[in-house]
Amino acid sequence: IRIFAVVFMIVDHFAAALVGTAILPKLIDPGLQYGSDWLMFYDILRDLGRFTFPVFCFFLSEGVRHTGNVKKYAMRLLIVGIISEIPFDMAIKGSIVELSRMNTFFTLLFGMLLIYVARNRTEHIVQLKLLREKDYERGIEKDLILIALMAAASFLAAKLLRTDYSMGGIGLIFVMFVSEEIGRWRFSNTFFGKHILTALVGVAFILLEAKTWMIAVPAVMLFFMIV
């Protein structure tokens, strides 16, 4: 699934950097008009590329669950995001530094911090309910408020920095995380397995991004690969 995600990511970036900017059409035929055929080709490639982000969100959720050092995980995302920003700006905006839109790694970073806090506080809530310590309900309220504040901060950061996928990306990361948690708790012994809800969320995201019928290809692939 990781190999497919990388392949579809390359397809998506190829379309955004070379087809969407009309560089490739002009290289093929300098006198060619950038018409509907090229636009259709661009839409098809971008739709195929929609496979990538839900897969990254899925692995991000799994990574937060299994990593031994969250700080190092976050630092790696930050470093790769900074390094990737210049080629991202050059490919999308045609300039070395263009802060009107920042790359996907910053979206993943903010989403990772949110689901880390959510997972940590959720585990604390479960412990409070089990132990039934004095004022445990007040402790649960504090945990829920902390999750809400972290969610607000993540959404705001994505919005202000104009990261790729922005608040919708943060929302997808969080919903996939919640779906994964519910799936592990409720459906771990069913035929479809514990990832069924996560797969459905990813498919819904892909379909919402659809521009052409080709969107069915990554949607079906994502469902069966994750499940």
Side-chain angles (χ1 to χ4, degrees), residues 5-6 8-9 12-13 15-17 20 46-47 49-65 67 70-122 143-182 197-198 200-211 218 222 226:
V6 171
F8 279 101
M9 180 181 67
D12 182 70
H13 290 179
R46 292 308 302 269
D47 277 356
R50 298 308 91 191
F51 174 86
T52 305
F53 189 67
V55 172
F56 285 168
C57 294
F58 171 71
F59 282 121
L60 185 74
S61 178
E62 290 293 293
V64 170
R65 181 175 289 104
T67 185
V70 174
K71 290 182 179 179
K72 287 185 178 180
Y73 195 167
M75 187 58 65
R76 284 195 295 268
L77 285 174
L78 177 61
I79 292 172
V80 174
I82 293 173
I83 294 173
S84 303
E85 188 60 29
I86 291 178
F88 176 82
D89 291 339
M90 292 179 67
I92 303 300
K93 296 295 184 179
S95 60
I96 295 178
V97 179
E98 174 57 63
L99 299 181
S100 63
R101 182 181 176 187
M102 302 186 75
N103 69 73
T104 310
F105 281 101
F106 291 102
T107 307
L108 294 174
L109 173 62
F110 298 142
M112 190 224 77
L113 295 174
L114 171 57
I115 62 178
Y116 169 72
V117 171
R119 186 166 187 270
N120 183 273
R121 293 299 87 195
T122 301
D143 286 333
L144 292 175
I145 290 173
L146 184 58
I147 293 173
L149 290 174
M150 190 64 205
S154 299
F155 280 108
L156 184 61
K159 178 68 174 179
L160 293 178
L161 295 178
R162 295 174 179 152
T163 63
D164 209 13
Y165 292 104
S166 190
M167 294 191 295
I170 301 295
L172 177 63
I173 292 170
F174 186 69
V175 170
M176 290 189 80
F177 164 75
V178 173
S179 300
E180 190 75 358
E181 292 297 310
I182 295 174
L197 292 178
T198 307
L200 289 174
V201 170
V203 169
F205 171 81
I206 291 176
L207 294 177
L208 287 173
E209 293 279 316
K211 292 182 180 179
L222 177 71
I226 290 184

_Worked check of side-chain contact (heavy atoms from CB on, under 4.5 Å) between Phe53 and Thr107_ = CA-CA 10 Å; Phe53 189 67; Thr107 307; 4.1 Å; yes
*With sequence neighbours excluded, residues passing side-chain contact (heavy atoms from CB on, under 4.5 Å) with Ile86*: Met90, Ile96
*Beyond-backbone contact of Asp12 with Phe8, side-chain heavy atoms, under 4.5 angstrom*: no
*Excluding sequence neighbours, so at least two apart, what forms ring pair (Phe, Tyr, Trp, His ring centres under 6.0 Å) with Phe105?*
none
*side-chain contact (heavy atoms from CB on, under 4.5 Å) with Leu156: which residues, sequence neighbours excluded?*
Leu160
_Run the side-chain contact (heavy atoms from CB on, under 4.5 Å) test on Thr104 and Thr52 for me, step by step, so that the C-alpha distance in whole Å, both residues' side-chain angles and the decisive distance to 0.1 Å come before the verdict._
CA-CA 11 Å; Thr104 310; Thr52 305; over 6 Å; no
*Measure across Ile173 and Cys57 and return the closest heavy-atom pair with its distance rounded to 0.1 Å.*
CG1-SG, 3.4 Å
*Ser61: what forms a side-chain hydrogen bond (donor to acceptor under 3.5 Å, both in side chains) with it, not counting sequence neighbours?*
none
*asked:* Restricting to side-chain contact (heavy atoms from CB on, under 4.5 Å), what partner residues turn up for Ser154, sequence neighbours left out?
replied: Phe110, Leu114, Met150, Ile170
_Considering only residues two or more places apart or on different chains, which pairs with a residue in residues 106-119 satisfy salt bridge (charged side-chain N to carboxylate O under 4.0 Å, His left out)?_
Arg119-Glu123
*Starting at CZ of Phe177, measure out to CD of Glu62 and round the result to the nearest 0.5 Å.*
10.5 Å
*Provide the full list of side chain to side chain donor-acceptor pair (under 3.5 Å) pairs with a residue in residues 70-86, sequence neighbours left out, each pair given once.*
Glu85-Asn103
*asked:* With rounding to the nearest 0.5 angstrom, report the CG to CD1 distance, Leu108 to Ile115.
replied: 9.5 Å
*Say you draw a straight line from CG of Leu113 to CG of Leu109; how long is it, rounded to the nearest 0.5 Å?*
5.0 Å
*Please identify each residue that fulfils side-chain contact (heavy atoms from CB on, under 4.5 Å) with Ile82, with sequence neighbours left out.*
Leu78, Phe106
*Which pairs pass salt bridge (charged side-chain N to carboxylate O under 4.0 Å, His left out) with one or both residues in residues 143-169, sequence neighbours excluded?*
Arg101-Asp164, Arg121-Asp143
*asked:* Could you check whether any side-chain heavy atom of Val117 comes within less than 4.5 Å of a side-chain heavy atom of Leu149, counting everything from C-beta outward?
replied: no
*Keeping to residues at least two apart or across chains, list the ring-ring contact (aromatic ring centres under 6.0 Å, His included) pairs with something in residues 143-164.*
none
_Apply side-chain contact (heavy atoms from CB on, under 4.5 Å) to residues Val70 and Met112 and explain how you reach the verdict._
CA-CA 9 Å; Val70 174; Met112 190 224 77; 3.8 Å; yes
